[in-house]
**Q** 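Input: one structure, supplied below.
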Amino acid sequence: MILAAGRGERMRPLTDHTPKPLLMAGGKPLIVWHLEKLADAGFTDVVINHAHLGEQIEAMLGDGKAFGIRISYSHEAQALETAGGIVKALTMLDDAPFLVVNADIWTDYDFRKLLPRLDAMRTHRAAECLAHLVMVDNPPQHSRGDFALSANTVHSDGNALLTFSGIGIYRPALFAGMTPGQPAKLAPLLRWAMQREQVSGEYYAGRWRDIGTPERLAELNRELSGSA
């Protein structure tokens, strides 16, 4: 699943007429970078949620055939935040663990690395691990970090916090009892699971960018275009 429902207030005025996932960097929309990498890694079905100007996303990406994948869309009349968007789309994601990627990041992370983890989470008991997070170094705009990573387990606090990359694998059981259509944040669910040591993680030292402002988008575009 690619999370693409955010309005992108910090990206205005760019997002007044263009949804954030369709903003261009290195000659292609941000979300297309993800679709191509997912297809290259062997993923065949992708769910994309959208709200603000979502019809533009569907018009540009279509059914996904151009990228070698099948795309389904989960429309939100109002953005439901991360957990709420996932819960609304659960019926489209089957009952197995699934990968979720934020549309507003750029990374050279190879999604193939997560295939063994997906297989492991499918075969182990649901109580053993509810989520697996990819953690990265803290960017300047988020120097405090999010969670701590120790011995491949993610904790809600610790001495050296890292930033959650926006790339994660989740079991449907993480969202048990939640009501579809209701806005809900993901962090409280993750912290609840971390208290029970049910969140695994890995550290990625490669290229990763949170594209949260026009300035960071311009910087990424220069880098990808070879002019940085």
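Computed from a prediction, not measured in an experiment: that's the story for all the values here.
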**Q** Would Tyr204 and Asp108 count as a side-chain hydrogen bond (donor to acceptor under 3.5 Å, both in side chains) here? Give the steps.
**A** CA-CA 10 Å; Tyr204 181 61; Asp108 61 0; 2.4 Å; yes
**Q** Give me the atom names and distance for the closest heavy-atom approach of Pro97 to Leu118.
**A** O-CD2, 3.6 Å
**Q** On a heavy-atom basis, which atom in Gly85 and which in Glu76 lie closest, and how many Å separate them?
**A** CA-OE2, 3.2 Å
**Q** Using the ring of each side chain (for Trp, its six-membered ring), is Phe147 parallel, tilted or perpendicular to Phe164, with breaks at 30° and 60°?
**A** tilted
**Q** Could you walk me through whether Val136 and Tyr109 pass side chain to side chain contact (heavy atoms under 4.5 Å, CB included), step by step?
**A** CA-CA 11 Å; Val136 296; Tyr109 182 86; over 6 Å; no
**Q** Once the angle between the rings of His75 and His50 is folded into 0 to 90°, is it parallel (under 30°), tilted (30 to 60°) or perpendicular (over 60°)?
**A** tilted
**Q** Any side-chain to backbone donor/acceptor pair from Arg171 onto Met121? Under 3.5 Å, distance only.
**A** yes
**Q** Checking Asn49 against Ile86 for the side chain to side chain contact (heavy atoms under 4.5 Å, CB included) test, could you report, in this order, the C-alpha distance in whole Å, the side-chain angles of both residues, the deciding distance, and whether it holds?
**A** CA-CA 8 Å; Asn49 71 331; Ile86 294 172; over 6 Å; no
**Q** Would you call Arg209 and Glu223 a salt bridge, taking side-chain N to carboxylate O under 4.0 Å as the test?
**A** yes
**Q** Okay, side chain of Lys20, backbone of Ala103: is any donor-acceptor separation there less than 3.5 Å?
**A** no
**Q** Determine yes or no for a side-chain-to-main-chain donor-acceptor pair under 3.5 angstrom, with Ser200 supplying the side chain and Thr153 the backbone.
**A** no
**Q** Working note: Lys113 + Glu202, criterion salt bridge (Lys or Arg N to Asp or Glu O under 4.0 Å); need CA distance, chi angles, decisive distance, verdict.
**A** CA-CA 10 Å; Lys113 297 179 181 178; Glu202 63 184 80; 6.0 Å; no
**Q** Quick check: closest heavy atoms across Ala173 and Leu130, and the distance to 0.1 Å?
**A** CB-CD2, 3.9 Å
**Q** Distance-only check: which donor-acceptor pairs under 3.5 Å involve side-chain atoms of residues 179-194, not counting sequence neighbours?
**A**
unit_1 : atom_1 : unit_2 : atom_2 : d
Lys185 : NZ     : Glu81  : OE1    : 2.7
Arg191 : NH1    : Ser156 : O      : 3.4

**Q** Taking the side chain from Asp110 and the backbone from Arg112, do they hold a donor-acceptor pair closer than 3.5 Å?
**A** yes
**Q** Given side chain to side chain contact (heavy atoms under 4.5 Å, CB included), test Val154 with Leu162 step by step and report yes or no.
**A** CA-CA 10 Å; Val154 182; Leu162 295 170; over 6 Å; no
**Q** Would you give the length of the straight line joining atom OG1 of Thr82 to atom CG of Leu3, rounded to the nearest 0.5 angstrom?
**A** 5.5 Å
**Q** Would you kindly confirm whether Ile2 and Leu80 end up in one hydrophobic cluster when ILVMFWY residues are joined by side chain heavy atoms under 4.5 Å apart?
**A** no
**Q** Where do Lys88 and Thr91 come nearest, in terms of heavy atoms and distance?
**A** O-OG1, 4.3 Å
**Q** Give the minimum heavy-atom separation between Asn221 and Gly27, together with the two atoms involved.
**A** OD1-N, 4.3 Å
**Q** Check for a donor-acceptor pair, side chain of Ser165 on one end and backbone N or O of Val134 on the other, with a separation under 3.5 Å.
**A** yes
**Q** Could you pull out all residues at least two apart from Asp210 that satisfy salt bridge (Lys or Arg N to Asp or Glu O under 4.0 Å)?
**A** Arg216
**Q** Apply side chain to side chain contact (heavy atoms under 4.5 Å, CB included) to the pair Val47 and Phe98, showing each step before the final yes or no.
**A** CA-CA 10 Å; Val47 175; Phe98 51 88; over 6 Å; no
**Q** Could you report the tightest heavy-atom contact between Pro21 and Ala4, atom names first, then the distance?
**A** CG-CB, 3.5 Å
**Q** Kindly compute the distance separating CD1 (Ile31) from CD1 (Ile48), expressed to the nearest 0.5 Å.
**A** 4.0 Å
**Q** Checking the side chain of His34 only, and the main-chain atoms of Asn102 only, is there a donor and an acceptor separated by less than 3.5 Å?
**A** yes
**Q** Could you state the interatomic distance from CE (Met135) to CG (Leu133), rounded to the nearest 0.5 Å?
**A** 6.5 Å
**Q** How far apart are the C-alpha atoms of Lys37 and Asp40, what are their side-chain angles, what is the distance that settles it, and do they pass the salt bridge (Lys or Arg N to Asp or Glu O under 4.0 Å) test?
**A** CA-CA 5 Å; Lys37 290 180 181 295; Asp40 287 344; over 6 Å; no
**Q** Using the rule side chain to side chain contact (heavy atoms under 4.5 Å, CB included), only one of Leu90, Val100, Val199 pairs with Tyr170; which is it?
**A** Val100
**Q** Is there a path of hydrophobic side-chain contacts, each under 4.5 Å between heavy atoms of I/L/V/M/F/W/Y residues, joining Met24 to Leu217?
**A** no
**Q** Linking I/L/V/M/F/W/Y whenever any side-chain heavy atoms sit under 4.5 Å apart, do Ile169 and Ile69 land together?
**A** yes
**Q** Who are the salt bridge (Lys or Arg N to Asp or Glu O under 4.0 Å) partners of Arg10, not counting sequence neighbours?
**A** none
**Q** Under 4.5 Å between side-chain heavy atoms, counting indirect links through other Ile/Leu/Val/Met/Phe/Trp/Tyr residues: same cluster for Met60 and Leu35 or not?
**A** yes
**Q** Is Leu53 reachable from Leu61 through a run of I, L, V, M, F, W or Y residues, each pair having side-chain heavy atoms under 4.5 Å apart?
**A** no
**Q** In Å and rounded to the nearest 0.5 Å, what is the CG to CD1 distance from Leu14 to Ile211?
**A** 12.0 Å
**Q** Is Asn138 reaching over with its side chain to a backbone N or O of Thr163, donor-acceptor style, under 3.5 angstrom?
**A** yes
**Q** Main chain of Ala120, side chain of Thr123: is a donor-acceptor contact present, judged purely on distance under 3.5 Å?
**A** yes
**Q** Could you check whether any side-chain N or O of Asp63 sits under 3.5 Å from a backbone N or O of Ile71, counting only pairs where one atom can act as donor and the other as acceptor?
**A** no
**Q** Look up atom NE2 in His17 and atom CG in Leu22, then write down how far apart they are to the nearest 0.5 Å.
**A** 14.5 Å
**Q** When rounded to the nearest 0.5 angstrom, what distance separates OH in Tyr73 from CD1 in Ile57?
**A** 8.0 Å
**Q** Quick one, Leu114 and His132 - any side-chain contact, counting heavy atoms below 4.5 Å?
**A** yes
**Q** Checking Trp33 side chain against Trp106 main chain: does a donor-acceptor pair fall under 3.5 Å?
**A** no
